[in-house]
Amino acid sequence: MKSQSLPTPTPKAAPEPPSDAADYRWVLLAEHCRRTGETSQMVHTRRKRGIWLDGKHTKLASKKRLYVNIEEYNRWVESQKH
């Protein structure tokens, strides 16, 4: 009697971790500056002038870490007059 071999199940690939900060909604200020070429001073000036709102464009965590909302940043850039 010949033995029949069962098909070997194909292993499922593990989901890949996000490779780009754009995959996240919020990024640290340093990462935002690295990706856009803006300086942290530019971001802080927009906050002080009320151009960017805390909770919408930026978020301060632990009183020391400033995050930038990528989605809102892109909307803001697209709304700027050329």
Side-chain angles (χ1 to χ4, degrees):
M1 198 184 248
K2 290 185 178 180
S3 64
Q4 291 181 332
S5 60
L6 296 173
T8 306
T10 306
K12 293 183 180 178
E16 292 184 30
S19 60
D20 188 5
D23 294 334
Y24 296 95
R25 183 173 177 195
W26 296 94
V27 296
L28 285 169
L29 176 59
E31 179 67 14
H32 168 76
C33 293
R34 186 182 74 77
R35 293 191 170 267
T36 63
E38 294 187 338
T39 64
S40 60
Q41 187 62 41
M42 294 167 76
V43 173
H44 290 297
T45 299
R46 287 186 198 118
R47 290 177 66 225
K48 288 177 186 171
R49 292 182 180 172
I51 296 169
W52 281 12
L53 304 175
D54 285 342
K56 180 177 180 180
H57 301 95
T58 59
K59 185 178 287 189
L60 191 59
S62 304
K63 297 184 181 180
K64 292 183 180 182
R65 299 177 67 96
L66 185 66
Y67 288 84
V68 177
N69 183 320
I70 301 262
E71 296 167 1
E72 291 298 329
Y73 168 76
N74 287 331
R75 284 188 193 104
W76 178 79
V77 168
E78 291 170 0
S79 72
Q80 298 304 296
K81 295 177 183 174
H82 298 281

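Between the NZ atom in Lys48 and the NE2 atom in His44 there is a gap of 7.5 Å [rounded to 0.5 Å]. For the atom pair CD of Glu31 and CD1 of Ile70, the computed distance is 7.5 Å after rounding to the nearest 0.5 Å. Here the CZ atom belonging to Arg46 is positioned 10.0 Å from the CZ atom belonging to Arg49, to the nearest 0.5 angstrom.
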Result block: side-chain N/O donor-acceptor pairs under 3.5 angstrom for residues 50-60, not counting sequence neighbours:
from: Asp54; atom 1: OD1; to: Arg47; atom 2: NE; distance (Å): 2.8
from: Asp54; atom 1: OD1; to: Arg47; atom 2: NH2; distance (Å): 3.3
from: Asp54; atom 1: OD1; to: Thr58; atom 2: OG1; distance (Å): 2.6
from: Asp54; atom 1: OD2; to: Arg47; atom 2: NH2; distance (Å): 3.0
from: His57; atom 1: ND1; to: Leu53; atom 2: N; distance (Å): 2.9
from: Thr58; atom 1: OG1; to: Arg47; atom 2: NE; distance (Å): 3.4

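Listed by first and then second residue, the side chain to side chain donor-acceptor pair (under 3.5 Å) pairs that reach into residues 69-79 are Glu72-Arg75, sequence neighbours excluded.
Between Cys33 and Ser40, the shortest heavy-atom distance links the atoms SG-N, 3.5 Å.
Residue Val77 is not grouped with residue Met42 when hydrophobic side chains (ILVMFWY) are merged at heavy-atom distances under 4.5 angstrom, including chains of intermediate members.
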